[in-house]
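Counting starts at 1 for both ligands and their atoms, following the listed order.
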Amino acid sequence: MRIVSRVAAMQKLALRCKRAGTRIGLVPTMGYLHAGHLSLVQRARRAVGKNGVVVVSIFVNPTQFGPKEDFSRYPRDLKRDLKLCRGAGVDVVFTPGDKEMYPRQGEAADEAAREDARPTAKCSTYVVEERLSQTMEGAARPTHFRGVTTVVAKLFNLVQPEVAVFGQKDFQQAVIIQRMVADLNFPVKIIIAPTVREADGLAMSSRNQYLVGDLRRQAAVLWCAIQMARATVKKLRTFPAVKLKVAVKKLVACEPDTRLDYVEFFEPEPPTPVAEVTRGTHMALAVYIGKTRLIDNARI
Ligand code: PAF
C-alpha cells in the first residue's frame, strides 16, 4: 500500500495509472475509519476489479465545517486508519495536510485569513451547487456543501477516478455530488453504497465516538424514528407529513438529552418535499444527542 501526502505526487501517480489504462476507484473520507468506510472500499474494489487501483483519501476538510463546528476536535487517528486500509486491500492512501490542499495564495486569501482563523480562509475559489444544497443539511449548515463540493472536485482532479463511492448515510451529499458531476462534466461514475448500521440501528459514523455513557443508547432514537415512520405508513398506507413530523419530534423528545434539528419527507429524485408520506417516500433527520449532531435517512 502506498501512502501519498503531496498533491503533486498524487496527481502524477494518477496520471501514470491513466496512461497505463488502470482504472481508479476513489473513496473520499475524513478518516477515523469504521466498517461503513470499509464497505465503501469493498464497493470500489468491485467496481475497478483486482487490476484496478483503490484510493482512499483521508482529509478532515476544513472548508466544510462552520465556525462553531467540531473541526478541531474531529476524531483523527492516522495510524489506525492506515492499518484498516492495509487490511481492506487499499492500494493508495492519499493523506494531504491542510497546507497541501489549501495553500495560501495571494492577497484575497490573506485578507480572508485575517477575519477567519480557520484553514477555510485559505481558499478563494469554490465549487457551489445552488439548488439541492439549500435544504436540510444545507439550511442547517450554510457553508457545508460548498466545502464538500469544493474538496470533492479537488480530489477528482488529483486522483482522476473513474468511479467514486459515497455512503447513503450522507444522502444529500451524495445527490449533490452526483449533480456536480453531471453539471461540470466530471468523467466520474458516482456509486452510492448502503448505510452500515450498529446492532441497534445506529448508522455508523466517525462522530459516534463522541457518544459516551448513556448518550450512545439515546442515539438509537434516530433509527427508532425511521422505524416508527415506516410502521405508520405500513399500517395507514398514507399519512400527512406535517403530522408525522410532530410524531417524530415527540418520539425524539422522549430521550433526556436529545433535540430534533429537522426531519423531512421527500421524493428522492430530485429531492422534493411531499405533503403525504407513502411507501417509497424518503425520510431524513438530524438530531442532537447531547452536543453531538447526528444525521440519518432511509426510504420509508
Ligand atoms: O463524507 C465525508 O466524509 C466528507 O464529506 C467527504 C466526502 C470526504 C468530503 O470531505
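When all heavy atoms are compared, the tightest approach of Ile300 to Ile226 is CD1-O, 4.1 Å. Between Val41 and Ala88, the shortest heavy-atom contact is CG1-O, 3.9 Å.
Shown in contact with Gln64 at under 4.0 Å from a heavy atom are these atoms of ligand 1, numbered in order with element: 4 (C), 5 (O), 9 (C), 10 (O). Set against the non-hydrogen atoms of Val151, the atoms of ligand 1 under 4.0 Å away are 9 (C), 10 (O). The contact set between ligand 1 and Thr29, taken as ligand atoms under 4.0 Å from a residue heavy atom, comprises 8 (C). The atoms of ligand 1 that sit less than 4.0 Å from any heavy atom of Pro28 are 8 (C).
Of the candidates Gln173, Met30, Lys169, Gln173 brings a heavy atom nearest to atom 1 (O) of ligand 1.
Both tests hold for Lys154 against Tyr102: distance to the six-membered ring centre under 6.0 Å, angle to the ring axis within 45°. Both tests pass for Arg76 against the ring of Phe71: distance under 6.0 Å to the centre and angle within 45° of the axis.
For residues 199-209, the salt bridge (Lys or Arg N to Asp or Glu O under 4.0 Å) pairs, not counting sequence neighbours, are Asp70-Arg207, Asp200-Arg216.
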